[in-house]
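Remember, it's a predicted structure, so these values are computed and weren't measured experimentally. Here is the naming used below: chain letters follow the sequence lines, and residue numbers restart at 1 for every chain.
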Amino acid sequence: MMTLVFEQALNGVQLGVLLFLLAAGLTLVFGIMNFVNLAHGSLYMVGAYFAATFIPWSGSFIVGALLALAATAAVGMALEVLIFRRLYHRDHMDQVLATFGLILFFNELVLMVWGPAGLSIAVPSWLVGQVNIIPGVPYPAYRLAVLVTGLAAAAFLYVLVSRTRTGMRIRAGASDQQMAQALGVDIKLLFTGIVGLGAALAALAGLLAAPLRSVYAGMGEDILVLAFVVVVIGGIGSIRGAFVAALGVGLIDTVGRAFLPRVLDALLSDQIADAVAPALSTTLIYLTMVVVLAIRPRGLFPAPGQ
Amino acid sequence: MNLRGIGILAALAVAALVFWVTGPPNQPDQVRIGFVTTLTTGTGVIGADMRDAFELALDHMGRTMGGLDVSVSYEDDAVDPSIGRQKTERLVQRDKVHFVSGFIWSNVLLASYQAATDNDVFLIGANAGPSQLAGEACNRNFFSTSWQNDQTTMAMGEVLNDQVSTVYVMAPNYAAGRNMIAGVERTFQGEIADKTLTQFPDQLDFAAELANIRAASPEAVWVFYPGNFGTQFFQQYSQAGLLGEIPLYSTFSIDALNLPQIGELVEGTQMTQSWSPDMDNPANQKFVGDFRAKYGRYPSFYAAQAYDAAMLIRSAVEAVEGDLEDLNGLRQALARADFQSVRGKFSFGENHFPIQDFFLREVVRDADGAFTTRIVDVVYSDHVDPYAKDCSMQP
Amino acid sequence: MTPTTPASRWAIALLIALAAAPVFSALAGQTFYVFLLSKMMILALAGVSLNWILGYGNMPSFGHAGFLGIGAYSVAIMSMRAAEAQGGWLATAFVQLPIATLAAAIAAIIIGAVSLRTRGVYFIMITLAFGQMLFSLGVALEPLGGDDGMTLPMYSTLGPADLSSGPVLYYVVLGLLVLALAGSHRLMQSPFGAVIRGAKSNETRLEALGVPTYRYRLAAFALAGAVCGLAGALLANQGGYVSPALAAWTHSAELVVIVLLGGAGTLFGPLFGALAVVGLEEILSQLTEHWRIIFGPILILVVLANRGGISGLFRARTNV
Amino acid sequence: MSSPALEIIGLHKQFGGVAANDGIDLILETGEIHALIGPNGSGKTTLINQIMGILTPNSGEIHVFGQNVAHRPIHTRSKMGVGRSWQIPSVFPDLTVAENVAFGVRAALGLSAGWWTKALTEDVTDRVDKLLGQAGLRQVMDAPAGDLSHADQRKLDVAIALSSDPILVLLDEPLAGLGADETTHMLTYIRKIRANSTPGPKRTIVLIEHDMDAVFALSDRISVLVEGKIVATGTPQEIGQNPIVQHAYLGEA
């Protein structure tokens with residue numbers, strides 16, 4: 001039983017880091033440019049499609065993945081230059097409407113370019129199989145790799161934002177755009193770069209998820225809502241909040257799905273438990289968010305100035 | 001005051017509306033068919049396969065039926081009941097179609113069928129088979145070329161009876177998923193080790209459930225994960241290392257659409273179905289052969305059912321010699337099902353659902369190394385769905 | 001907006017045309033457009049209600065379709081009971097529509113009481129969460145068909161007729177839409193409306209003037225939920241069918257698009273928005289199944305043009 | 001014996017590691033114009049935000065006419081007679097000038113905002129008219145507030161503060177950004193405010209202002225805030241001669 005709990009916790013963390021990669025870009029763009037980007041999920045999808053194209057083409061998972069990250073970052077930056085930057089000072093609902101339009105556009109575009117069948121990415125041969133992390137618990141090597149990559153990306157982001165000149169510029173841009181400009185930061189370029197970074201992180205999430213979840217039109221929206229939940233629970237604009245909330249959401253979702261039916265079985269009659277458990281585990285995340293926001297209306301780690 | 005301005009604008013608007021309303025002229029000597037299916041979203045591949053099969057059927061009949069030209073409009077339902085309903089209304093009310101076919105999803109079909117059947121337009125369901133339409137709500141203008149939801153999994157329950165004594169069952173938590181589980185439970189006499197209903201429509205990561213399966217270590221696992229769900233489930237099942245350990249059975253989860261992606265993983269796994277590409281009858285050989293020649297892939301069961309729907313419609317139009325006003329004649333002809341089905345024998349029960357065989361099939365490689373399925377055994381012969389007895393068809 | 005602006009002239013002309021449309025479509029033998037325009041007007045009614053909170057007040061709800069679902073399911077449940085009793089008082093529209101409205105209002109008070117503690121994007125997300133919960137509830141309700149939904153055993157009756165008849169439903173919907181628009185005008189010119197509009201830009205200042213804004217915002221949210229519930233009750237009758245998909249977030253997004261495209265915070269915006277969304281979908285989807293690849297960029301262009309939606313286009317024209 | 005208009009005891013307000021108000025004690029008698037001066041960031045606006053209820057103190061008490069209001073919601077403080085203006089004019093830009101003022105008028109008349117009445121009923125228009133007349137805004141009463149000039153928005157901001165008929169008025173830099181003529185006009189206006197045209201006691205005014213001439217001309221007493229503490233309180237004369245004040249604040253001017 002303990003090993004099962006441990007394994008499920010690992011699954012929860014693995015889902016959590018995927019959500020974090022997506023939420024990090026959202027919360028950065030949100031916190032710094034005050035921009036609601038519903039189309040972030042489209043970048044996740046486009047990243048996965050690029051990876052599913054480049055990996056077989058290059059014959060290498062790593063090379064294909066890097067190409068996909070670069071290509072998605074380029075798409076993100078193009079969107080920033082063409083559309084986003086015209087909307088930073090606009091009402092949130094205008095941003096929602098425009099980026100909703102982008103979702104429709106990208107979902108149709110991938111259908112037209114890559115066909116309706118969807119794609120898949122094979123697990124690289126060196127990650128096929130399982131690892132015995134503790135004896136008797138074989139854990140899929142690929143999931144472990146996803147977990148490690150996600151944590152590494154989180155660490156990279158932390159160092160980037162808090163320890164480097166670029167990060168200093170990002171933070172300056174977040175707290176005071178005029179001051180940042182006075183410091184000689186090219187705000188326009190900085191913002192384009194931030195969207196590019198967010199796009200690359202979304203693509204990373206997309207391509208890491210692809211061998212587990214496959215690649216199809218509309219895959220972005222299935223996870224986008226969860227990523228927004230993470231951003232909101234964590235507190236908009238807070239990378240640290242996004243990280244904590246992502247792991248929390250991942251754990252609550254996974255552990256809830258794994259153990260809630262049994263708990264309810266023990267508490268309620270079979271029939272009622274069968275009816276209640278799936279509905280409850282579906283809404284568990286939303287319930288969590290409602291409770292968090294009812295107590296802390298600006299999330300767990302409200303960023304100052306937001 | 002601007003009353004005059006308002007009057008002019010209103011007149012203009014009405015004129016525009018009238019122009020819009022008159023729509024396309026109705027051509028008399030034509031069989032008009034509407035085909036409602038899913039062409040966009042992540043499951044658009046199913047609709048595309050059905051459309052390809054329907055087009056192939058039209059090619060095979062020279063795009064005429066009983067001497068009349070055939071025109072088909074394919075409509076996308078985007079897996080949304082209200083869109084399906086709207087498209088069906090348009091086909092029936094505006095385009096004045098004679099037949100509506102297609103319908104992958106139970107909820108879209110249930111929302112839409114009355115728009116056709118209430119107006120004496122025949123609806124030929126080519127996939128969804130909800131129990132309501134097979135039983136109490138059976139309808140004289142509704143016919144199905146697929147199956148009733150429970151049947152295929154009832155056959156699976158019988159298969160499991162022969163092979164295992166405990167099974168772990170898993171499906172998404174929606175009506176079809178719960179029906180499928182109920183079907184297995186209806187016939188399986190061993191022990192259900194555990195039953196897991198996963199989130200619908202957005203759960204795509206099964207890590208938690210797979211860990212639970214490993215911990216429960218049942219004799220076998222049976223799942224229902226259609227479309228993308230299937231692809232994802234089998235990939236993750238394999239990555240979790242369960243594939244060799246716990247035998248996996250499935251229903252409607254492995255099809256010609258996802259076999260190219262997951263064939264390697266699921267080679268040898270077994271499922272039940274009422275059709276298979278290797279069925280040895282002339283109609284099927286022609287269908288599968290020409291489909292592969294034209295589109296370069298195996299047809300899915302969705303395609304086979306759509307092909308049969310086209311052939312069924314033609315048989316009726318020919319029976320009334322192209323007199324599409326003869327609704328009773330068409331209805332009787334449809335009920336006779338006098339056409340060469342790709343399933344070989346095919347007839348309708350009282351409730352207008354097929355009476356047909358159900359097979360056990362398994363995933364194999366064909367001579368070219370492509371993945372397909374092959375019939376292993378006949379599970380049911382001439383099987384009648386369990387809801388037929390609740391149907392009292394109004395003539 | 002007073003009834004003499006260009007936008008309102010167009011809107012009134014449109015309403016007159018809508019009143020005449022069934023006659024013409026009957027003459028042309030085309031009843032489909034009665035169906036389509038009924039749907040359009042029901043969405044416009046839902047849009048009018050969303051406009052109160054999203055457009056006039058700063059309450060960008062992304063779960064508004066949840067109230068459509070509540071209204072529709074209320075009708076479905078009553079119709080089930082009425083069918084068992086073979087009619088009776090529970091079958092009439094005069095009972096069903098008010099109860100559906102009330103049910104949605106109660107849900108809106110509960111949801112609003114929690115959601116209105118938050119602002120901005122937090123509000124968007126918390127309302128979306130509530131919408132998704134209602135959707136999940138619908139999927140879990142097996143006696144009502146789960147995600148398959150259910151066919152209405154009988155339609156709401158209206159004296160000798162019932163709402164299964166296209167023209168009857170059409171004129172009921174048109175009448176309620178006109179009432180809602182008139183009510184919307186009156187409401188937003190009232191002190192209550194002033195508080196809602198004032199709280200949009202400057203809530204703290206309002207409170208500093210002794211106005212308990214939370215209560216008023218909650219009342220507006222409840223009122224919007226109630227009228228959207230009414231729209232849901234009509235939608236159930238229009239399709240003869242209810243399903244949880246009604247409450248899905250994509251439908252909430254559709255309502256948001258209707259309000260924003262038409263012009264948020266303008267009286268007739270939702271009417272224009274509903275006409276544009278339903279009309280564009282109808283026309284574009286006949287050009288190609290990939291019609292969204294055209295529709296999406298249209299939305300982006302509307303935002304980039306920054307004229308305040310379709311209502312704003314009219315305003316801009318008079319300035320030239 | 002009536003209670004003082006405003007009594008503040010040991011008020012603390014912390015922002016992160018910074019104490020914006022660090023143990024403030026202050027008593028204002030009815031009818032007094034009391035100026036708060038001090039460098040930027042000394043905690044003046046933080047103080048009046050707490051009196052209005054926009055911020056909640058970490059500790060301490062705020063008594064308005066004898067009642068401790070430190071933890072009551074904003075709108076109840078308005079009902080007790082507190083009103084304020086904003087440093088950056090805070091109007092309702094989409095609403096007409098008359099509508100801007102009508103909120104407070106209606107609240108003061110004890111009218112709740114009905115769903116079905118007209119926004120400007122007769123009893124309300126009378127008061128609105130008077131307020132706008134006093135502020136010199138009558139001719140623009142139907143214009144959207146967002147279209148007004150800065151000076152007019154400043155006047156409107158003060159008029160809105162008076163609309164709820166407060167007896168304790170908090171004015172946050174009412175002269176900022178005004179020209180010479182406009183300043184003169186505003187000074188007259190503020191004196192009129194104290195006189196209170198409606199029957200009742202004189203109004204008590206807390207005035208934050210950087211224009212020292214105006215402060216010395218208007219105030220009965222002045223308190224000097226430095227780094228969240230009151231370093232001196234007294235008549236304009238006393239303050240003008242106070243060495244601490246001259247060093248800490250006036251000396252720099």
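With rounding to the nearest 0.5 Å, the separation of CD1 in D:I74 from OG1 in D:T56 is 8.5 Å.
Counting only N and O atoms by type, the side chains of D:H63 and D:E61 include a donor and acceptor under 3.5 Å apart.
Applying the 6.0 Å contact sphere to CG of C:L301 captures more than 12 heavy atoms from other residues, nucleotides or ligands.
Residues of residues 51-70 of chain C lying under 4.5 angstrom from chain D, judged on non-hydrogen atoms, do not exist here.
Heavy-atom distances place no part of D:A108 under 4.5 Å from chain C, backbone and side chain included. Neither the backbone nor the side chain of D:V105 comes within contact range of chain C; no heavy atom of the residue lies under 4.5 Å from a heavy atom of that chain.
Residue D:R84 forms a side chain to side chain contact (heavy atoms under 4.5 Å, CB included) with just one option from D:D157, D:L168, D:I51, D:N49, and that option is D:N49. With D:L36 as the partner, the side chain to side chain contact (heavy atoms under 4.5 Å, CB included) test is satisfied by one option alone out of D:L170, D:D172, D:L47: D:L47.
Each of C:A208, C:G265, C:S201 has some count of heavy-atom pairs under 4.5 Å with chain D, and the biggest count is that of C:A208. Considering only heavy-atom pairs separated by less than 4.5 Å from chain C, the leading option among D:A107, D:S90, D:G53 is D:S90.
Proximity of a side-chain donor or acceptor of C:S190 to a complementary backbone N or O of C:G193 within less than 3.5 Å is detected. D:K44 places no side-chain N or O within 3.5 Å of a backbone atom of D:L225 that could act as its donor or acceptor partner.
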Tell me which donor-acceptor pairs under 3.5 Å the side chains of residues 213-234 of chain C have, and how far apart each pair is, sequence neighbours excluded?
| residue | atom | partner | partner atom | Å |
| --- | --- | --- | --- | --- |
| C:T213 | OG1 | C:E203 | OE2 | 3.0 |
| C:T213 | OG1 | C:E207 | OE2 | 2.7 |
| C:Y214 | OH | C:A113 | O | 2.6 |
| C:Y216 | OH | D:A113 | N | 2.9 |

